[in-house]
Amino acid sequence: MVHDSTDNPDDSARKSRQAAANDAPPGSPAAPDVDPATAGGDDEDDALLPDILEESGAIGEEPLATGHEAIERAVRLAPTSPGVYRMLNANADVLYVGKAKNVKKRLSNYARQSAPQPARILRMIAATVTVEIVSTNTETEALLLEANLIKQLRPRFNVQLRDDKSFPYILITGDHWAPQILKHRGAQTRPGRYFGPFASAGAVNRTITALQRAFLIRSCTDSFFESRTRPCLLYQIRRCAGPCTREIDFGGYTTLVREASDFLSGKSHAVKQELAGEMEKASGELEFERAALYRDRLAALSAIQSQQGINPRTVEEADVFAVHQEGGFFCVEVFFFRTGQNWGNRAYFPRAEKTFTPEEVLSSFLAQFYDDKPPPKVILLSHEIEESELLANALAIKAGHKVEVTAPKRGEKKELVAHALTNAREALGRKLADTATQSRLLDAMAATLSLPHAPKRIEVYDNSHIQGTNAVGAMIVAGPDGFVKNQYRKFNIKSEGITPGDDFAMMREVLERRFKRLINPPEEGAKVKDDDFPQWPDLVIIDGGRGQLNAVREIFAALGLTQVSLMSVAKGPDRDAGRETLFMPEREAIKLEPRDPVLYFIQRLRDEAHRFVIGSHRKLRKKDIREAGLQEIPGIGPSRKRALLHHFGTLKEIERASIADLGKVPGVSAESARRIFEYFHPQPG
């Protein structure tokens with residue numbers, strides 16, 4: 001959604017429930033072995049699955065009779081107008097919040113003892129001792145009040161939206177002659193233009209960084225701006241035009257701000273064409289430094305669009321919701337489309353009894369979701385909900401414009417919903433695999449490997465190199481909640497005496513650096529630790545056979561490590577997954593059945609370590625291949641090189657491109673696209 005702050009009615013009603021405590025990734029610059037790329041994650045898809053609400057046994061007649069009596073008392077005093085009712089138990093805890101067009105009629109349905117009711121409703125009635133009622137003028141007001149009360153009170157028998165956070169926006173300020181670009185949460189009261197919402201703070205940070213490179217808009221505060229006597233570092237690295245010291249005049253800076261606003265408003269193609277034209281013009285006039293500036297700006301815009309993934313052709317502004325149910329859990333995936341661009345997606349795992357239908361969960365979820373957020377013009381759903389018209393009217397009142405709520409049946413809108421539904425299914429599958437069964441897997445691993453207890457911290461190590469060059473080691477960490485990515489570490493191999501390709505020596509350096517740091521920790525305050533997660537591993541896993549295991553045992557013995565369990569994983573014949581052999585000290589080799597869950601878990605740990613170390617290795621290798629450039633790729637001559645650079649702007653953006661994106665460049669065939677991609681993404685041996 002793009003709008004000025006003055007276009008928002010009732011800003012106070014949309015105040016953020018909770019600002020993020022720390023949006024920046026928790027990097028650890030003091031530690032040389034930290035990979036900043038994995039030191040912290042965005043707040044996307046980080047919610048834990050809720051506990052399943054277990055159904056109790058049979059409900060006795062006496063509690064049911066007591067509950068019916070309490071509801072009958074409320075019926076006698078209930079109005080026949082719209083309103084909201086709350087059912088409370090003996091401790092005055094709210095059990096359920098509901099709304100009705102006719103409160104008296106709705107409560108009468110609960111009071112009828114002969115009426116068939118689901119077990120969930122019967123349990124709620126049995127626990128009810130009193131009912132509180134609030135009248136409203138319209139059913140729409142009742143819907144809004146119900147959603148607000150559910151979010152505040154979190155009743156046990158309602159669908160509950162969990163992990164609800166305010167969404168970040170990009171703000172280009174309008175209260176200064178040199179507008180500032182920044183991330184914004186909360187009430188949109190500051191003058192300026194707001195663009196969003198974005199699915200996560202990380203998405204906003206990445207976009208703002210790219211926009212600074214593309215449009216050179218300042219990000220500093222007004223007080224910092226006014227105090228400058230010379231340009232800051234951002235000007236030196238070409239991420240700001242330097243309006244603070246008049247390195248650019250008012251007209252030139254206004255043009256940059258207009259271009260940035262146009263790009264965020266959906267006019268990206270026109271902006272890119274304009275920049276490409278200016279680059280060609282500067283190049284033709286032999287002003288190569290100015291041409292390089294336009295080239296870098298084009299590359300930054302390409303980076304933004306490549307991160308957005310799917311972009312609709314006919315949908316200008318919409319939120320897409322898809323719900324998937326599996327194993328007693330629900331996942332609602334939300335995609336945000338504004339100005340024809342995809343601003344990201346987020347998965348939610350609402351708390352709801354498994355007897356709820358997907359339609360019921362989605363209906364309740366939507367009302368709570370927009371309780372403190374401005375709705376778009378169109379809301380697309382994966383399931384038809386009964387109260388779509390009522391919800392549309394309620395949201396239209398909040399937004400001040402017409403809101404359409406629909407479950408599309410065909411066309412691009414249907415494709416967007418199907419894409420969201422696929423993401424919901426996959427997100428829930430990941431959570432079920434990573435969270436729901438994790439404790440059982442750890443218990444089974446302890447039993448299978450004869451560990452003293454279920455491990456709370458598992459560390460897995462791996463190395464990567466190509467014929468000894470760009471050697472790097474890596475450590476990944478797993479625990480009761482799955483992979484703990486802010487604990488991952490990479491180790492650039494530094495020892496000069498290591499023979500190229502000597503995996504034993506590389507592993508020795510990695511483990512010595514890792515455990516010497518644990519044995520002799522840095523001075524307190526040098527690095528912030530996560531006190532809730534253990535720093536010492538219970539189990540160390542390495543990739544290799546008996547020889548690697550014995551080598552690591554020697555290292556541990558030299559360091560005096562006796563309390564850490566050790567295991568190596570040898571690949572099966574022909575590297576077949578499922579035929580691995582496990583080695584542990586003073587034990588015979590362990591062969592598990594191919595379908596054993598513990599073996600599958602160990603494979604996942606090993607594969608995650610391999611993925612992480614390969615990624616770290618590629619970063620090192622790219623520093624070398626950047627020096628060689630595109631000339632080293634067979635079949636890529638000057639014409640194709642020029643076309644690629646004109647399309648992407650820089651070699652770095654060509655490296656990031658997918659095969660499909662490379663194939664869109666004029667003159668680049670599918671085979672050439674494949675060669676370029678494989679050149680930048682080799683498989684280390």
Side-chain angles (χ1 to χ4, degrees), residues 14 16-20 41-53 97 146-148 150-168 185 196-204 309 318-337 342-354 356-376 379-383 385 391 395 405 407 416-436 481-482:
R14 286 189 243 116
S16 170
R17 291 179 63 87
Q18 182 179 4
D42 301 336
D43 49 1
E44 302 174 36
D45 198 17
D46 284 339
L48 295 177
L49 286 173
D51 296 332
I52 291 183
L53 300 178
V97 175
E146 177 198 38
N148 184 271
I150 291 173
K151 292 183 70 173
Q152 288 184 21
L153 304 174
R154 299 189 175 278
R156 184 193 190 288
F157 289 95
N158 283 99
V159 176
Q160 297 177 18
L161 170 58
R162 305 166 65 250
D163 308 299
D164 184 31
K165 303 174 183 177
S166 63
F167 290 103
R185 287 186 188 266
F198 287 79
S200 69
V204 172
D319 286 349
V320 181
F321 294 83
V323 59
H324 178 69
Q325 180 184 22
E326 183 179 340
F329 296 101
F330 294 88
C331 175
V332 178
E333 189 81 25
V334 187
F335 275 79
F336 305 99
F337 296 98
N342 177 13
W343 290 132
N345 59 294
R346 182 183 292 181
Y348 288 86
F349 303 93
R351 183 177 183 269
E353 286 202 359
K354 58 186 178 183
F356 278 102
T357 65
E359 291 81 2
E360 290 173 329
V361 170
L362 187 57
S363 179
S364 183
F365 178 91
L366 288 168
Q368 296 176 56
F369 183 84
Y370 288 113
D371 177 57
D372 57 357
K373 301 177 183 67
I379 298 173
L380 305 178
L381 308 179
S382 61
H383 294 69
I385 61 175
L391 179 64
L395 296 181
V405 180
L416 294 177
V417 170
H419 180 69
L421 188 58
T422 299
N423 278 265
R425 187 181 302 111
E426 293 176 351
L428 184 53
R430 288 193 297 268
K431 285 300 178 186
L432 289 171
D434 293 344
T435 305
D481 291 328

Minimum side-chain heavy-atom gap [X]-[Y] below 4.5 Å:
X    : Y    : answer
L391 : Y370 : no
F330 : V159 : no
I379 : L395 : yes
V334 : F365 : yes

Give the minimum heavy-atom separation between [X] and [Y], together with the two atoms involved.
X    : Y    : value
V323 : S382 : N-OG, 3.1 Å
A420 : A322 : C-CB, 3.6 Å
A147 : A367 : CB-O, 3.3 Å
R156 : E353 : NH1-OE2, 3.2 Å

Just how far is it from atom [atom1] of [X] to atom [atom2] of [Y], taken to the nearest 0.5 Å?
X    : Y    : atom1 : atom2 : answer
Q160 : L153 : CD    : CG    : 10.0 Å
F337 : D319 : CZ    : CG    : 9.5 Å
L366 : L381 : CG    : CG    : 5.5 Å
Q368 : N148 : CD    : CG    : 10.0 Å
E359 : Q325 : CD    : CD    : 9.5 Å
H324 : L428 : NE2   : CG    : 5.5 Å

_List the residues meeting side chain to side chain donor-acceptor pair (under 3.5 Å) with E426, not counting sequence neighbours, and say none if there are none._
none

*asked:* I'd like to check the ring-ring contact (aromatic ring centres under 6.0 Å, His included) partners of F198; sequence neighbours left out, ordered by chain and number.
replied: W343

*Which of parallel (below 30°), tilted (30 to 60°) and perpendicular (above 60°) describes F336 and F369?*
parallel

*asked:* Test of understanding: with salt bridge (charged side-chain N to carboxylate O under 4.0 Å, His left out), list the residues that count as partners of E333, not counting sequence neighbours.
replied: none

*Does N158 use its side chain to pair, donor to acceptor, with the backbone of R154 at less than 3.5 Å?*
no

